[in-house]
Protein chains: 4
Amino acid sequence: MITGAVAGPERTPAPVRRHDPERRDRLVDVAIEVIAEHGVAGTTHRRIAAAADVPLGSLTYHFTGLEDLRAQAFTRHAARMAAVYESHFAGVRTREELLDAVTDLVHGNAGADDRDWAVAYELHLAALRDPALREVTETWMRASRAVLERIVDPVTARGVDGLIEGLVMHKILSTGEPRREETRQIVARVLDVR
Amino acid sequence: MITGAVAGPERTPAPVRRHDPERRDRLVDVAIEVIAEHGVAGTTHRRIAAAADVPLGSLTYHFTGLEDLRAQAFTRHAARMAAVYESHFAGVRTREELLDAVTDLVHGNAGADDRDWAVAYELHLAALRDPALREVTETWMRASRAVLERIVDPVTARGVDGLIEGLVMHKILSTGEPRREETRQIVARVLDVR
Amino acid sequence: MITGAVAGPERTPAPVRRHDPERRDRLVDVAIEVIAEHGVAGTTHRRIAAAADVPLGSLTYHFTGLEDLRAQAFTRHAARMAAVYESHFAGVRTREELLDAVTDLVHGNAGADDRDWAVAYELHLAALRDPALREVTETWMRASRAVLERIVDPVTARGVDGLIEGLVMHKILSTGEPRREETRQIVARVLDVR
Amino acid sequence: MITGAVAGPERTPAPVRRHDPERRDRLVDVAIEVIAEHGVAGTTHRRIAAAADVPLGSLTYHFTGLEDLRAQAFTRHAARMAAVYESHFAGVRTREELLDAVTDLVHGNAGADDRDWAVAYELHLAALRDPALREVTETWMRASRAVLERIVDPVTARGVDGLIEGLVMHKILSTGEPRREETRQIVARVLDVR
DNA sequence: AATGAATGAGTATTCATTCAT
DNA sequence: TATGAATGAATACTCATTCAT
């Protein structure tokens, strides 16, 4: 016996959806993905809504505006990146161990891939023009330095942090993958190991 | 020997050139300025036209489109930055001299200021998604390395180049200016000086 | 005789009324305030809800829609303005007394200030396009005339009523306050006093 | 012989339009009409564009924004209304002639109909909240008074002007047309005729 | 050759209203 | 009963690009 399905003439195609707790939360994650994919400039309400499979109005319901959502996305991303740093260097005690850990980080073996770094650079650039985001980048930078300063002195920490930033950016930009051994050699010098 | 009238492929039928013959050229410069001021995302035909005090139609007359103009602006900027590198390191012979030169570069005493670096980061990020710009960044990066490789080995060159990139970015992002002596100390290690 | 429980058509099954039992009533007042502040065009569910410190859903719960609420707000305002007329002219018997009373009304010494008149004009204009509101304005206008006709003939009543309308509007629009003595002089002529 | 008209497969449905000088000018007129029809609140870009049979983008090309267009529409309307006053009272010399002229004006026999007055009231209300429009209303009001002051003293001018305003508004709001003779009688008193 | 007008696609945002809870 | 989430239509506005002049 066939149940229901009596085709009335103007049956609407199922309104569905509705009641989606955590949507707000999910939207922030989707926004991060869209930034990774299309850059800040290409991050539009429409694109996020489409990626999250959510109606357009939902975005401005949950967030004051695109700027608001963007800021939250960046804040979350920075927090995650800081957590990656934190946990990646958690067991490191000596400069020798740090050397391997930093090399791993640069080469993507630490929980943050090119995509994540790309978002980070988007954040950096956005922060250059938006003071509100400066706070996010500064908090993040302070956290990173603090992690490194558990093992090395502040000057070295600043050097390593800067080196990571630059090497990763060049790695992302280059077509050819740089050799791990070379990276290790450079990091070793900044760390004054050997 | 007749100097003029060398029949090149695009011989125009007596140019006449109403006035403002270097407008095309000037527009590229203005575009760089607008990118510095408003970022790639905020760089529109209208904004450039206004900044150059030129009618809107003039932009699409001289350039295929915005993308075209942007690419030319980035190309020119990269060439200029490469020239800054080139001339800044021109007289440098020893690692000791290089140490000072690099420190100067990072601290803005080399012909490239924060504004210039900001455009460079805009380019980096744009190149991440536009293969056409990848060529520009790679050419530039190769040129930078070549300059450094006149003085140090390739691995060190890559390290110094990356360190400059990272330190400058962090300097631009930070509110407080980092101390020159610290920078020098870090660079010294990568250069293996002292 | 039992006072309560008169079985009217809409006998509710023991109201219970959680709290804020006069919310509905209060919302109408808040709506009037919002109209005064932002005009009909700027009177939105959200704005009223915010001004009343009430959840958004509360508005559509208590009222069929915005139009409904607006109509009720205007109706109440017109009733209040009519009451102001009524009580302001209550003790007036002679044309001489009326002359002072009208002058006072125009100059805001009668319980209705510029803000109230602004809402009145919003109503007038809205009524121009919404027949439902026409009823409100006509009832109000009839009431006003009736008040005046207790003292003067219908033609004079219509004249005075019109004059009040026009003088108040010009007073509201003008930057400089008109002189009371002038107003009095004009009103005197329409009333044929002196 | 059949000329042209060789039907290619993807013939677009005629782009037409283009080159429409005076469009800007025409848009201001259309805006006035839309305000008359739908009120300020209902005057949207879309509505004006549709009424003028012009693409949406054309509006923001010619005007800074809706506010700009609205202001220009009101300014033009006020100028026209002032011109109506001016020419309507041009030949008037005596108070007796003025009496007839004012009565005609109120009853719509002077080149300004209900529709025009409705726009005027829209302007009044808009001016209440927008200082920029205050200038328009004040200029207009000054012009009206100046016209009347050629015939009567300033106080009387202010009274007549106010009376016209009020009587016209009530006439527009009322369903039944008031009797001309009554209007004349009231105006006569303010003018102190007979 | 040069440009101002024109246009259609796309942007963020606001909002009245519906509805599951 | 009351409400916060949800949604789709509508809003003003921006813009790259086209094109008649």
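Only heavy atoms go into these numbers, but all of them, side chains included; no hydrogens, no water, no symmetry mates. Values in this document were obtained by computation on a predicted structure and should not be read as measured data. Naming convention: chains lettered A, B, ... in sequence-line order (proteins, then strands); numbering from 1 in each chain.
- Judged as a side-chain contact (heavy atoms from CB on, under 4.5 Å), and not counting sequence neighbours, the contacts of C/Ala52 are C/Arg26, C/Leu27, C/Val30, C/Val54.
- Put simply, the residue from B/His45, B/Arg23, B/Arg24 that forms a side-chain hydrogen bond (donor to acceptor under 3.5 Å, both in side chains) with B/Ser58 is B/Arg23.
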Notebook entry, point to check: If you write DNA chain F from 5' to 3' in dot-bracket form, with Watson-Crick or G-U pairs under 3.5 Å, [ ] for crossing pairs and | for pairs with another strand, what do you get?
Noted result: .||||||||||||||||||||
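- Checking the phosphate oxygens (OP1, OP2) of F/dA12, no side-chain nitrogen or oxygen of D/Arg70 falls inside 4.0 Å.
- By the side-chain contact (heavy atoms from CB on, under 4.5 Å) test, A/Arg46 is found to be paired with A/Thr44, A/Leu56, residues two or more places apart in sequence or in another chain being considered.
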Margin query: For a quick check, with a 4.0 angstrom heavy-atom cut-off, what is the B/S/- contact string for nucleotides 14-21 of chain F, read 5' to 3'?
Written below: BBBBBS-S
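- Listed by first and then second residue, the salt bridge (Lys or Arg N to Asp or Glu O under 4.0 Å) pairs involving residues 121-130 of chain C are C/Glu122-D/Arg129, C/Arg129-D/Glu122 (not counting sequence neighbours).
- A search for side-chain contact (heavy atoms from CB on, under 4.5 Å) contacts involving A/Ala31 returns A/Ile48, A/Leu69, A/Ala73, not counting sequence neighbours.
- Along DNA chain F, the nucleotide closest to A/Arg24 and the one closest to C/His62 are compared, and the more 5′ of them pairs with C/His62.
- Regarding contacts with the backbone of F/dT3, a side-chain N or O of C/Ser58 is found under 4.0 angstrom from either OP1 or OP2.
- Taking atom CD of D/Glu22 as the reference point, atom P of E/dA6 lies 11 Å away to the nearest angstrom.
- Note: CG (C/Asp68) to C1' (E/dA16) measures 13 Å, nearest angstrom.
- One atom, CZ of D/Phe63, and another, C1' of E/dA6, lie 14 Å apart when rounded to the nearest Å.
- Sorted by first and then second residue, the salt bridge (Lys or Arg N to Asp or Glu O under 4.0 Å) pairs involving residues 53-77 of chain B (not counting sequence neighbours) are B/Asp25-B/Arg76, B/Asp29-B/Arg76.
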Residues 36-43 of chain D, side-chain donor-acceptor partners within the protein, below 3.5 Å, at least two apart:
from	atom 1	to	atom 2	distance (Å)
D/Glu37	OE1	D/Arg115	NH1	3.2
D/Glu37	OE1	D/Arg115	NH2	3.3
D/Thr43	OG1	D/Gly39	O	2.7

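- Distances shorter than 4.0 Å separate none of the side-chain N or O atoms of B/Arg23 from OP1 or OP2 on E/dA1.
- In terms of heavy atoms, B/Ala78 sits closest to B/Leu123 at CB-CD2, 4.1 Å.
- What separates CG of A/Leu27 from C1' of F/dA5 is a distance of 12 Å, to the nearest Å.
- For A/His77, there are no side chain to side chain donor-acceptor pair (under 3.5 Å) partners at least two apart in sequence or on another chain.
- At whole-Å resolution of the value, NE2 in A/His38 and P in E/dG10 are 14 Å apart.
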